[in-house]
Participant: 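Take this structure first; my questions come after.
To find a chain, count down the sequence lines: A is the first, B the second, and so on, and within it residues start at 1.
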There are 2 protein chains.
Amino acid sequence: MTPETVAAHAPLELEHFLPYRLSILSNTVSQSIATEYQDRFELSMTEWRVMTILARFPEISAREVVDRSAMDKVAVSRAVARLVNAGRVDRGIHDGDKRRSVLKLSEAGWAIHDEVAPLARAHERELLARLDQGEQAQLNSILDKLLAT
Amino acid sequence: MTPETVAAHAPLELEHFLPYRLSILSNTVSQSIATEYQDRFELSMTEWRVMTILARFPEISAREVVDRSAMDKVAVSRAVARLVNAGRVDRGIHDGDKRRSVLKLSEAGWAIHDEVAPLARAHERELLARLDQGEQAQLNSILDKLLAT
DNA sequence: ACGTTATAGTTTCACTTGTAACCAATTGCA
DNA sequence: TGCAATTGGTTACAAGTGAAACTATAACGT
């Protein structure tokens, strides 16, 4: 297989391929945050995401957590189960619809939230520090477009 | 828990949190490409990545595949095993170092590559079509900075 | 030359994840 | 009212994944 033959097949150059670059960046960033709270609190990324949602929207059902996140319902169900088990989330039953749960962070849950949230924000700041103000704004607006439905 | 109390805890707003947005975007994009080739060729994302690397750099070892990708060696080992098994990759042994494998796409492997690569590129184009020329350039330069080391 | 250390790659085991099937409660409507 | 369809949530099973142990070969230092 000569170089000419390879070129004829027009192989992808991963390092210039947008989906690949996004994937590397996203994994690097998420993983660097996740390792911190995983080590310190034995908290999976899914669990942490559920916690952030319950922090903003207390007293919602698992279904609503699913709707507000990009997670699927099995993942949420399992994360909630672990969180309830660990005493980090209180689960009640909805008045008038016994299928629905009513979820909120417990005291212990809030305590963890209040430690992890600043840590996550610090990572975000650190990342953004590589860009100037203009680039930060551009990135946001570009992501808005790429994420639109 | 009143709204005021919630605010006091300063919960993260996931939809404005950069690592989260990156993660959603990256998963959406990679997944939409992956489902296509998974359905059509029973090819996992890891296998496809190995194939793209072998397309550009034929006759390299598994170790070099690891170095050139962000995958870990176990994942590569398994992907290569499946690819060899499916007759999509030929595996030889390095002259002078019997530990090293020498990998390259087989005819069948190239045939698949030549179908999937344009498909992946089409997805990338489709994504980039939401941005104008300037934004595309900005995104590239921003990703360069964020991905540096 | 010989034992130690390092490297390439595979295997094993425990854990996570995704899909589909499932159960129970609720809704819709004939 | 009663029964089919829908919805919230969990469970079961198969497949995928990661960390560590393992095998075989090679490199290094004395």
Side-chain angles (χ1 to χ4, degrees), chain A residues 23-24 26-28 30-32 34-35 37-39 41-50 53-54 57 59-86 89-104, chain B residues 23-24 26-28 30-32 34-35 37-39 41-50 53-54 57 59-86 89-104:
Chain A
S23 156
I24 298 294
S26 164
N27 290 342
T28 308
S30 291
Q31 206 41 56
S32 83
T35 8
Y37 57 69
Q38 270 163 17
D39 292 353
F41 303 102
E42 303 211 44
L43 194 64
S44 76
M45 200 166 82
T46 326
E47 290 169 71
W48 169 242
R49 284 191 180 165
V50 169
I53 293 174
L54 293 182
F57 309 102
E59 314 268 334
I60 64 177
S61 68
R63 180 74 221 290
E64 285 176 80
V65 174
V66 170
D67 289 344
R68 293 182 177 284
S69 67
M71 302 175 248
D72 89 323
K73 66 182 198 155
V74 176
V76 169
S77 169
R78 289 198 260 239
V80 168
R82 277 192 301 267
L83 288 168
V84 169
N85 220 282
V89 163
D90 295 332
R91 168 163 49 190
I93 292 173
H94 191 273
D95 303 355
D97 187 344
K98 292 177 199 158
R99 292 170 308 178
R100 266 181 224 179
S101 52
V102 178
L103 306 169
K104 61 170 200 254
Chain B
S23 155
I24 297 296
S26 163
N27 290 342
T28 308
S30 290
Q31 206 42 56
S32 83
T35 4
Y37 56 69
Q38 271 162 17
D39 293 353
F41 304 102
E42 304 211 46
L43 195 64
S44 76
M45 199 167 82
T46 325
E47 289 169 72
W48 169 241
R49 284 192 179 165
V50 169
I53 293 174
L54 293 182
F57 309 102
E59 314 270 332
I60 64 178
S61 68
R63 180 72 221 292
E64 284 176 80
V65 174
V66 170
D67 289 344
R68 294 184 177 284
S69 67
M71 303 174 245
D72 88 325
K73 65 180 197 158
V74 177
V76 169
S77 169
R78 290 199 260 239
V80 167
R82 277 192 301 267
L83 288 168
V84 169
N85 220 282
V89 163
D90 295 332
R91 169 162 50 190
I93 292 174
H94 191 273
D95 303 354
D97 187 345
K98 292 177 200 157
R99 293 170 307 177
R100 267 180 223 181
S101 53
V102 178
L103 306 168
K104 61 171 200 254

Participant: Between A:Ala62 and A:Leu103, which heavy-atom pair has the shortest distance, and what is it?
Facilitator: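 Smallest interatomic distance, heavy atoms only, reads N-CD1, 3.8 Å.
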Participant: Give the rounded distance in Å between these two atoms: CD of A:Gln31 and P of C:dT16.
Facilitator: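 In whole Å, C:dT16 P and A:Gln31 CD are 14 Å from each other.
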Participant: If you restrict it to nitrogen or oxygen atoms, what contacts under 3.5 Å exist between nucleotides 23-26 of chain C and the protein, and what is each distance?
Facilitator:
| from | atom 1 | to | atom 2 | distance (Å) |
| --- | --- | --- | --- | --- |
| C:dA25 | N3 | A:Arg99 | NH1 | 3.3 |
| C:dT26 | OP1 | A:Lys98 | N | 2.9 |

Participant: If we only count heavy atoms from C-beta on, is the A:Arg91 to A:Val102 side-chain gap below 4.5 Å?
Facilitator: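 No, every pair of side-chain atoms sits at 4.5 Å or beyond.
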Participant: Tell me what B:Ser101 touches on the nucleic acid: a base, only sugar-phosphate, or nothing, going by heavy atoms under 4.0 Å.
Facilitator: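 The answer is sugar-phosphate, as B:Ser101 gets under 4.0 Å only of primed atoms, P, OP1 or OP2.
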Participant: Starting at atom CZ of B:Arg63, determine the distance to atom P of C:dA6, rounded to an integer number of angstrom.
Facilitator: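 In whole Å, C:dA6 P and B:Arg63 CZ are 14 Å from each other.
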Participant: How many angstroms lie between CH2 in A:Trp48 and CD1 in A:Ile53, if you round to the nearest 0.5 Å?
Facilitator: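 Atom-to-atom, A:Trp48:CH2 and A:Ile53:CD1 are 11.0 Å apart.
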Participant: Mind calculating the distance between CG (B:Asn85) and P (C:dG9) to the nearest angstrom?
Facilitator: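 Rounded to the whole Å, the gap is 18 Å.
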Participant: Rounding to 10°, can you tell me the angle the first-five-pair axis of the helix from C:dA1-D:dT30 to C:dA30-D:dT1 makes with its last-five-pair axis?
Facilitator: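 The angle, to the nearest 10 degrees, is 10°.
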Participant: Output every pair passing side-chain hydrogen bond (donor to acceptor under 3.5 Å, both in side chains) with a member in residues 68-82 of chain B, not counting sequence neighbours, ordered by first then second residue.
Facilitator: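 Every side-chain hydrogen bond (donor to acceptor under 3.5 Å, both in side chains) pair that includes a residue of residues 68-82 of chain B, provided the two are not neighbours, is B:Glu47-B:Arg82.
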Participant: Working to the nearest 0.5 Å, report the span between OH of A:Tyr37 and CE of A:Met45.
Facilitator: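 The distance works out to 6.0 Å.
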Participant: Can you pull out the residues from residues 74-82 of chain A that lie within a 4.0 Å heavy-atom distance of DNA chain C?
Facilitator: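 Of all residues in residues 74-82 of chain A, the ones placing a heavy atom under 4.0 Å from DNA chain C are A:Val74, A:Arg78.
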Participant: Does any non-hydrogen side-chain atom of A:Val80 lie less than 4.5 Å from one of A:Val50?
Facilitator: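 SC-SC contact between A:Val50 and A:Val80 confirmed.
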Participant: At what distance, to the nearest 0.5 angstrom, does OG of B:Ser101 lie from NE2 of B:His94?
Facilitator: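 So the gap between those two atoms works out to 10.0 Å.
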Participant: Rounding to a whole Å, what distance do you find between B:Met71:CE and C:dT10:P?
Facilitator: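 Value for this atom pair: 14 Å.
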Participant: For A:Ser44, which contact category applies under a 4.0 Å heavy-atom criterion: base, sugar-phosphate, or nothing?
Facilitator: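 No contact.
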Participant: What's the spacing between B:Arg100 CZ and B:Glu64 CD if we round to 0.5 Å?
Facilitator: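 The distance works out to 7.0 Å.
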Participant: Which residues pass the salt bridge (charged side-chain N to carboxylate O under 4.0 Å, His left out) test with B:Arg63, not counting sequence neighbours?
Facilitator: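 So B:Arg63 forms a salt bridge (charged side-chain N to carboxylate O under 4.0 Å, His left out) with B:Asp67.
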Participant: If I take atom CG in residue B:Leu103 and atom P in nucleotide C:dA8, what distance separates them, rounded to the nearest angstrom?
Facilitator: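 So the CG-P distance, B:Leu103 to C:dA8, works out to 13 Å.
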Participant: Going by atom types only, do B:Arg49 and A:Ser23 share a side-chain donor-acceptor pair under 3.5 Å?
Facilitator: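 Yes, A:Ser23 and B:Arg49 have a side-chain donor paired with an acceptor closer than 3.5 Å.
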Participant: To the nearest 0.5 Å, tell me how far B:Leu54 CG sits from B:Ile60 CD1.
Facilitator: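 Output value for this atom pair is 5.5 Å.
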Participant: Considering non-hydrogen atoms only, spot the tightest contact between A:Thr28 and A:Ile24 and give its length.
Facilitator: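 What the structure gives for the nearest pair is OG1-O, 2.6 Å.
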Participant: So where does chain A start and stop touching DNA chain D, 5' to 3', when the test is distance under 4.0 Å to a non-hydrogen atom?
Facilitator: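 Answer, 5' to 3': D:dT7 to D:dA12.
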Participant: Between B:Arg91 and A:Lys73, name the one whose nearest nucleotide on DNA chain C is closer to the 5' end.
Facilitator: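 The residue closer to the strand's 5' end, by nearest nucleotide, is B:Arg91.
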Participant: So how far is it from B:Leu43 CG to B:Gln38 CD, rounded to the nearest 0.5 Å?
Facilitator: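 Nearest 0.5 Å value for the CG-CD distance: 8.0 Å.
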